Every structure is written in C-alpha cells, then in structure tokens.
Amino acid sequence: MTETFDVLDPVDGAVLGQVPDLTAEEALTALDVAVQRQHSWATTPPRERGEILRRAFELVSERSDEFAETISLEMGKPLAEARGEVAYGAEFLRWFSEEAVRIRGSWLTAPAGGSRLLTVKKPVGPCLFITPWNFPLAMGTRKIGPALAAGCTALVKPASATPLTMFKLAEVFAEAGLPEGVLQVVTTRSTGEVTSALLADPRLRKISFTGSTAVGKELVRGSADNLQRVSMELGGNAPFLVFADADIDAAVDGAMIAKMRNMGEACTAANRFLVHADVAEEFTAKLAARMGGLRVGRGQEDGVDVGPLIDAHAVESVQQLVADAVAGGARLVVGGEPDGNFFPPTVLADVAPEARVVREEIFGPVAPISTFRTEQEAVDAANNTEYGLSAYLWTRDLDRTLRLVESLDFGMVGVNTGLVSNPAAPFGGVKASGFGREGGFEGIEEYLDTTYVGISAP
Ligand code: NAD
C-alpha cells in the first residue's frame, strides 16, 4: 500500500490533510501511463484539447473561493492574495486554450529552387513538472496549460508543503473531460530519488522546473544522460530603481506590490531598492509608513495583509539577513522582529552593497534601501548579481528608459509598474535565473519540437 505524508498549516503545524508518498517505482508506473497516453493525446484534435483547457479555466474561475481557501490554508497567504493567484493561474489555461489551435509549421522554397522546405511542429512528449510552494496553483498552470495545448502528457510534482491545490486542479481537469492519465499528480517526500529515476528513463522527454537555482542546476545535470529538454524558472534578485525624476508616490505604490505581493515570497519580488540620493529620504519615509500600516495575521482572517512565512526555517533565514545588514551599518526603519512564523514588513535604510540581504534572495517582507548618484552607478549596482529574472525601473525620462531597458541584464523589466507577471507575456530569466519562457506566444514553443521535411520539387 502507498504510504502517505501530512500537509501542515504553516501557522501552527496543524495537519490539513494527507497525500501519497510515492516511491520511485510508483512514479515510474505513472510514467508508463503517461507514455501510453501520449499518442492519443497528441492526435486529439487541437480544438478539443483547447476546449478541455477552456472548461478547466471556467471551472477554476467558478470555484475561485474554494481554490483560494486551500491555497491560503496550505501556503499561508491572505485570502485576497490567494484569489489573485487563482485568477492569474486560471488565465494560463485560457491563454493556452486559445494557443492550442494556432500551432503551425511553415513552407519555404529552397533559395536555389528545386525543393520545398517544410516544417512540422510536434509535441515533445511526456513531461515532468516540479513546482515550488509559493504559488501552489499558478506555477503548475504555467506549465500544464502549454503542455496540454501542445499535445504532451505530464506528471506534476508539487512542493511537499503545498500539494493539496494541485490535487484540486487534477479533479477539475477530470471534470473538464481530460482523458485519464494525461495529467497525473506525483507527490513524494523522496523527491531526489523519484526525480532521478524519472530522468534516468529516456521515455521522459522534458523537464520543466520552478524553484531554487541550486536544485535547478542539479536537475539540468540529471537531464544530461537522456538529453531531455529543459526549462528552468529559478531564483531572482530584482533591483527596484527609483530615479529623481520619478513620480515618488506612484513608485511607493509600485514598491508595495513588487515587495509585498505574496509576502515577499516571490521570485519576482523587489529584493533591492536603489534610490537616487535626492529622493531617498522621501521614498524611505513613505514606504516605511505604508509597510508599517500593514496588518499581519492568519491568512484566513478578514483584513489581514500579510500571512505567516512558509516555516520556521524561512523566518530564521530572513531574520539572519536583517541582523547581518544591521551589523553592517544599516538602519532599521520599521519592523524587524518576528513573532512565531509571522515576519513583520520591514524597511532597512543605508544598506551596504556587501550586505547579504542585497546579495541573496530574501523571500520575505524586507525592503533594503541603498542610494546612488549617477545612472551608470545605478545600472552597475542593478546588474551586480548572479541572477537575472526581473528588474523594476521608475523614471519619467523616455531616453533613460530606453537606455536602461537595453543595459539591464534581466529577462523582464517593469517600467513604472510593480507587477510584470502576465499570462500573455513571456515570463523567464537569464543567468542564474534560468532559461525558457512561460506564457505569451513563446510559452507553447517549450513543448514543441520542429521536424523539417525536404521535398523534391523538380
Ligand atoms: P526548492 O528548489 O526548494 O523546491 C522547488 C521544488 O523542487 C519542490 O517541489 C521541491 O520538492 C523540489 N525539489 C527539492 N529538491 C529537489 C531535488 N533534489 N530534486 C528534484 N526536486 C527537488 O524551491 P522552493 O523553496 O520550493 O521555492 C522557492 C524558490 O523558487 C525561490 O528560489 C524562488 O525564486 C523560486 N521561484 C522561481 C520562480 C520563477 O518563475 N523563476 C517562481 C517561483 C519561485
């Protein structure tokens, strides 16, 4: 009989449910099923695949409250934020329901004449998805939507802390008419072992991972023997640049979103605030007032803005980053002291460039502020990181905007906005933030191979 493991409430460790703790052997049986279903799913008419995705979008949207409750309970985020995640996550199903019918090849006359060069797009085949705990629904639908649209079968392994949402999504897909075995949820506590067994099987053709850079590197190595196709959505260290010509009130509004969405537990979270020295005092005071006014508490309570962090380990690591910054001369403007797994919104000013809090991914509600004088200084500081996921830029100068968009080494740049995530846009990073894009027109390409056909045409 399959063993199970408990899913825990991040506030007090209460047991919320149990999920199967699959062994490597059981996961390989799931892969057998995905392989068996691959051909029939790939040859299901695109419109039919699209309509199943569309129905899934509608069902998730209709059950927004139910999904939000599960997300909030297992992950801790406030209900309003969880509803936001449901809307965002569902949109990937709608977007790719529309993309399923637009997969197309091409036809070219060879430059020298005499033959025709055709390209045909085909699904890459059975996929493995590994997702993190911070967006239990959306990190799954960003992969499942394009994969199903392209005609791929998939196994999805959610984070052990937050697997309940994924089981709910699988129920929705069954109700939407997805044939059994096309999408299977694989939960396990022996993640490394199960993943290695799956990657060692050449019938698995693709792995798409969202999570930390360290694990991502291991998975890329693990995919080498069978040369599976790989998409990696990894960590970030987003700079948030505020120039003296910016609308400071708008920049503070944007900062609240870029920093506090998901309690700072987002790969796109503003991790370093780089503010022109002339406006730093005003920006810091306004941001601290807004941060200090947020209500911290259980995600399911009314009026709560900030829930608990995912576990005690996360609290400790955020606390260490704050302590290191303060020891290095930073000024604690607001927040700083955790209460159980609740970490208060925190603002640090005068943060030194060597402080760990600006070099590492914080993954918590802490805003470290440093200043700059020249545009070049700002760009150099922004690019001074191994990561390259998202950057935010606040200025009313169009020339400066164009210069910065071209010189910032990031996969996504938000200009006068604190939110870049959008299902219709290509989400993804460069450098240690990984490769591959999710969403937009690019998203489905990650799940398609190109076959080229040369035809003699005398
Ligand atoms: P994590 O890397 O610890 O875990 C992510 C997933 O990988 C989980 O399902 C986990 O069970 C699994 N995993 C852990 N060890 C594994 C191994 N050896 N082999 C295979 N799978 C393994 O990350 P996390 O703490 O869950 O999530 C936070 C990280 O995710 C942050 O670094 C964040 O920036 C990143 N993230 C990136 C994006 C993006 O789109 N770029 C989005 C969200 C989160």
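Counting starts at 1 for both ligands and their atoms, in listed order. This is a predicted model, so every value here is computed, not measured.
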**OP:** Examine the proximity of ligand 1 to L389 and report which part, side chain or backbone, both or neither, has a heavy atom under 4.0 Å away.
**Re:** side chain

Original post:
Which of the listed options, A314, A214, C267, S433, holds the heavy atom that is closest to atom 36 (N) of ligand 1?
Top reply: C267

Subject >> Part of F135 with heavy atoms under 4.0 Å of ligand 1, whether side chain, backbone, both or neither >> reply: neither

Original post:
Has F427 got any heavy atom lying under 4.0 angstrom from an atom of ligand 1?
Top reply: yes

Original post:
For atom 14 (C) of ligand 1, what's the nearest protein heavy atom and its distance?
Top reply: V215 CG2, 4.0 Å

**OP:** Just go through A238, S190, P163, G211 and tell me whose heavy atom is the nearest to atom 29 (C) of ligand 1.
**Re:** G211

Subject >> Numbering as shown, the atoms of ligand 1 that approach T131 to under 4.0 Å (heavy-atom distance) >> reply: 6 (C), 8 (C), 9 (O)

**OP:** Please work out whether the ring planes of F240 and F273 are parallel, tilted or perpendicular, with thresholds of 30° and 60°.
**Re:** tilted

Original post:
Quick one: salt bridge (charged side-chain N to carboxylate O under 4.0 Å, His left out) partners of E438, sequence neighbours excluded?
Top reply: R142, K143

Original post:
Between D6 and Q18, do the side chains contain an N or O donor and an N or O acceptor separated by less than 3.5 Å?
Top reply: yes

Original post:
Is it true that E175 and R55 make a salt bridge, defined as a side-chain N closer than 4.0 Å to a carboxylate O?
Top reply: no

**OP:** Give yes if a backbone or side-chain nitrogen or oxygen of G192 is under 3.5 Å from a nitrogen or oxygen of ligand 1, and no if not.
**Re:** no

**OP:** Closest by any non-hydrogen atom to atom 12 (C) of ligand 1: pick that one out of I130, V194, N134.
**Re:** I130

Original post:
Where is the nearest protein heavy atom to atom 22 (C) of ligand 1: which residue, which atom, and how far?
Top reply: T191 CG2, 3.2 Å

Original post:
How far is atom 20 (C) of ligand 1 from its nearest protein heavy atom, and which residue and atom name does that atom have?
Top reply: T195 OG1, 3.3 Å

Original post:
Is L219 touching ligand 1 with its side chain, its backbone, both, or neither, if touching means heavy atoms under 4.0 Å apart?
Top reply: side chain

**OP:** Please indicate whether any nitrogen or oxygen in T213 is less than 3.5 Å from any nitrogen or oxygen in ligand 1.
**Re:** no

**OP:** Show which atoms of ligand 1 fall inside a sub-4.0 Å distance from at least one heavy-atom site of T210.
**Re:** 5 (C), 36 (N), 37 (C), 38 (C), 39 (C), 40 (O), 42 (C), 43 (C), 44 (C)

**OP:** Please identify which atoms of ligand 1 are closer than 4.0 Å to at least one heavy atom of M139.
**Re:** 42 (C), 43 (C)

**OP:** Return the residue, atom name and 0.1 Å-rounded distance of the protein heavy atom closest to atom 18 (N) of ligand 1.
**Re:** E218 OE1, 3.4 Å

**OP:** Assess R142 for proximity to ligand 1: is some non-hydrogen atom of it under 4.0 Å away?
**Re:** yes

Original post:
Hey, is atom 4 (O) of ligand 1 under 4.0 Å from any protein heavy atom?
Top reply: no

Original post:
Out of R189, K157, E233, E265, whose heavy atom is nearest to atom 11 (O) of ligand 1?
Top reply: K157

**OP:** Give a yes or no on whether a salt bridge exists between K168 and E66, defined as a side-chain N under 4.0 angstrom from a carboxylate O.
**Re:** yes

Please output the side-chain donor-acceptor pairs of residues 251-264 that fall under 3.5 Å, not counting sequence neighbours, one pair per line with the distance.
from : atom 1 : to   : atom 2 : distance (Å)
D253 : OD1    : R290 : NH1    : 2.8
K259 : NZ     : A270 : O      : 2.9
K259 : NZ     : G364 : O      : 3.4
K259 : NZ     : V366 : O      : 2.7
N262 : OD1    : K77  : NZ     : 2.7
N262 : ND2    : N134 : O      : 3.0
N262 : ND2    : E265 : O      : 2.8

Subject >> Region of E438 engaging ligand 1 - heavy atom pairs below 4.0 Å >> reply: neither

**OP:** Ignoring hydrogens and angles, state whether a donor on the side chain of E26 or T23 is under 3.5 Å from an acceptor on the partner side chain.
**Re:** yes

